[in-house]
There are 2 protein chains.
Amino acid sequence: MMDQAKRERLASKGWKVGTVSDFLELTAEEAIFVEIKLALSQNLKERRQKLMTQTELASKISSSQPRIAKAENGDASVSIELLIRAVLATGATPQEIGQVIAGVG
Amino acid sequence: MMDQAKRERLASKGWKVGTVSDFLELTAEEAIFVEIKLALSQNLKERRQKLMTQTELASKISSSQPRIAKAENGDASVSIELLIRAVLATGATPQEIGQVIAGVG
DNA sequence: GGCTGATATATCAGATATGATATATCTACG
DNA sequence: CGTAGATATATCATATCTGATATATCAGCC
């Protein structure tokens with residue numbers, strides 16, 4: 001079970017987990033979906049930090065530094081689309097992305 | 001190298017691969033991104049057909065039958081978001097989704 | 001042929017994610 | 001301290017994706 005601290009951390013990023021009952025309304029699939037996004041987000045941050053600045057990565061994918069920051073911080077407004085585009089731009093292979101997702105759950 | 005037939009197949013779904021030069025403007029990462037979407041699309045169709053109708057799946061994820069049809073046919077207007085939500089709704093695990101993505105490339 | 005259920009295609013108004021911009025915060029170094 | 005580079009936060013107009021709806025096509029069966 002997810003603890004209070006984690007719920008608050010997610011809620012602060014815009015995820016709809018404010019109250020306990022709200023949280024319980026998340027279906028198992030929705031929960032997995034969020035976890036996949038968070039896993040990609042973490043992976044992006046790790047890979048990017050070794051290679052370049054947020055500004056450099058942003059220009060590679062015609063995005064902006066603020067959006068990369070949100071992507072790396074698990075902001076709910078960032079789509080999986082952008083997360084995957086960004087991870088690919090760090091040189092990740094489909095195999096690596098697959099492993100990150102498989103590591104969820 | 002992708003052949004003419006495949007280019008035409010993609011273009012017909014809305015992908016920007018109309019002319020050869022347009023096609024060549026796709027970066028390697030963009031190409032991988034499209035392939036990931038197509039792999040998820042195929043996987044969705046296979047899994048869903050064994051379990052339920054498009055209409056049933058649509059209601060599970062508060063979508064519509066036409067949108068599921070587009071998702072299964074690799075239409076460019078369908079996001080990875082929707083593809084993953086749909087695959088999860090067929091009961092796929094993160095492990096299975098990871099494998100599908102890892103299988104690209 | 002006609003009927004029925006499933007899937008595909010077309011259109012569209014509304015919702016959501018987007019990049020841009022401005023600015024704030026942080027960190028390291030002089 | 002002050003300056004510089006990197007990252008975080010806020011706001012916003014626009015582009016893209018969305019579900020809904022209507023309708024077309026297809027397959028199997030009578």
Side-chain angles (χ1 to χ4, degrees), chain A residues 8-17 26-27 29-30 33-34 36-38 40-90, chain B residues 8-17 26-27 29-30 33-34 36-38 40-90:
Chain A
E8 285 174 356
R9 193 148 33 82
L10 291 180
S12 74
K13 304 293 184 182
W15 298 100
K16 291 178 183 169
V17 293
L26 279 182
T27 67
E29 286 98 22
E30 287 169 336
F33 187 77
V34 170
I36 288 175
K37 287 179 75 167
L38 293 178
L40 288 169
S41 172
Q42 269 191 249
N43 185 251
L44 170 62
K45 189 169 209 160
E46 287 165 9
R47 293 186 57 88
R48 194 271 311 163
Q49 282 179 336
K50 293 178 187 163
L51 301 166
M52 63 192 106
T53 65
Q54 290 181 345
T55 302
E56 286 167 342
L57 176 56
S59 93
K60 277 194 172 226
I61 60 174
S62 302
S63 182
S64 61
Q65 177 271 321
R67 198 124 269 274
I68 301 297
K70 282 179 188 290
E72 290 185 355
N73 282 296
D75 190 288
S77 81
V78 175
S79 69
I80 284 197
E81 311 274 320
L82 186 61
L83 287 169
I84 291 182
R85 277 184 210 283
V87 174
L88 285 172
T90 67
Chain B
E8 287 175 354
R9 193 146 34 83
L10 290 179
S12 74
K13 303 294 184 181
W15 298 100
K16 291 179 184 169
V17 293
L26 278 182
T27 66
E29 286 100 23
E30 288 169 337
F33 187 77
V34 171
I36 288 174
K37 286 179 73 167
L38 292 178
L40 288 169
S41 171
Q42 270 189 249
N43 185 251
L44 170 62
K45 189 169 208 162
E46 288 165 8
R47 293 186 57 87
R48 194 273 310 163
Q49 282 180 336
K50 292 178 188 163
L51 302 166
M52 61 193 107
T53 66
Q54 290 181 344
T55 301
E56 285 166 342
L57 176 56
S59 95
K60 276 192 174 233
I61 60 174
S62 303
S63 181
S64 61
Q65 176 270 321
R67 198 123 268 274
I68 301 297
K70 283 180 187 291
E72 291 184 355
N73 282 296
D75 191 288
S77 81
V78 176
S79 70
I80 284 197
E81 311 273 320
L82 185 62
L83 287 169
I84 292 182
R85 277 183 209 283
V87 174
L88 284 173
T90 67

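On a predicted model such as this, the values are computed, not experimentally measured, just so you know. Labels below follow one simple rule: chain letters A, B, ... track the order of the sequence lines, proteins then strands, and each chain is numbered from 1.
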* **Interface with DNA chain D, restricted to residues 56-68 of chain B and to heavy atoms under 4.0 Å** =>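 Residues of residues 56-68 of chain B under 4.0 Å from DNA chain D: S62(B), S63(B), S64(B), P66(B), R67(B).
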Tell me which residues in residues 69-85 of chain B lie within less than 4.0 Å of DNA chain D, going by non-hydrogen atoms.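 Close to the strand are S77(B), V78(B), S79(B), L82(B).
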**Q.** Helical bend (five base pairs per end, nearest 10°) for the helix from dG1(C)-dC30(D) to dG30(C)-dC1(D)
**A.**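 It works out to 30° between the end axes.
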With sequence neighbours left out, what residues match [X] under side-chain hydrogen bond (donor to acceptor under 3.5 Å, both in side chains)?
X	answer
R48(B)	E72(B)
S79(B)	none
D75(B)	S77(B)
S63(B)	none

Calculate, to the nearest 0.5 Å, the distance between atoms [atom1] and [atom2] belonging to [X] and [Y] respectively.
X	Y	atom1	atom2	value
I84(B)	I80(A)	CD1	CD1	4.0 Å
I68(B)	T55(B)	CD1	OG1	9.0 Å
L83(B)	Q42(B)	CG	CD	12.0 Å

For E56(B), which residues count as a side-chain contact (heavy atoms from CB on, under 4.5 Å) partner, sequence neighbours excluded?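 E56(B): side-chain contact (heavy atoms from CB on, under 4.5 Å) contacts with M52(B), T53(B).
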* Asked: Partners of Q49(A) by side-chain contact (heavy atoms from CB on, under 4.5 Å), sequence neighbours excluded?
  ->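 By the side-chain contact (heavy atoms from CB on, under 4.5 Å) rule, Q49(A) matches K45(A).
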What's the verdict on side chain to side chain contact (heavy atoms under 4.5 Å, CB included) for L57(A) and L44(A), showing C-alpha distance, side-chain angles and the deciding distance?
CA-CA 10 Å; L57(A) 176 56; L44(A) 170 62; 3.8 Å; yes
Quick one, L82(A) and I61(A) - any side-chain contact, counting heavy atoms below 4.5 Å?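 Counting from C-beta outward, L82(A) and I61(A) do come under 4.5 Å.
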Worksheet entry | Contact residues, residues 43-53 of chain B to DNA chain C [heavy atom, < 4.0 Å] |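 When residues 43-53 of chain B is checked for heavy atoms under 4.0 Å from DNA chain C, the hits, listed by number, are K45(B), R48(B), T53(B).
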| N43(B) backbone acceptor or donor facing E46(B) side chain under 3.5 Å |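 It does not hold such a pair.
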query: Where is the tightest heavy-atom contact between W15(A) and G74(A), given as atom of each residue plus distance?
result: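 Result for this residue pair: NE1-O, 3.0 Å.
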Identify the heavy atoms of A58(B) and S64(B) that sit nearest to each other, and give their distance.
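Closest heavy-atom pair between A58(B) and S64(B): CB-C, 3.4 Å.
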- request: Name the first nucleotide and the last nucleotide along DNA chain C (5' to 3') that come under 4.0 Å of a heavy atom in chain B.
  value: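 The protein-touched segment is dA6(C) to dA10(C).
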Applying side chain to side chain donor-acceptor pair (under 3.5 Å), which residue pairs with at least one partner in residues 80-90 of chain A are found, sequence neighbours left out?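 Listed by first then second residue: R47(A)-T90(A).
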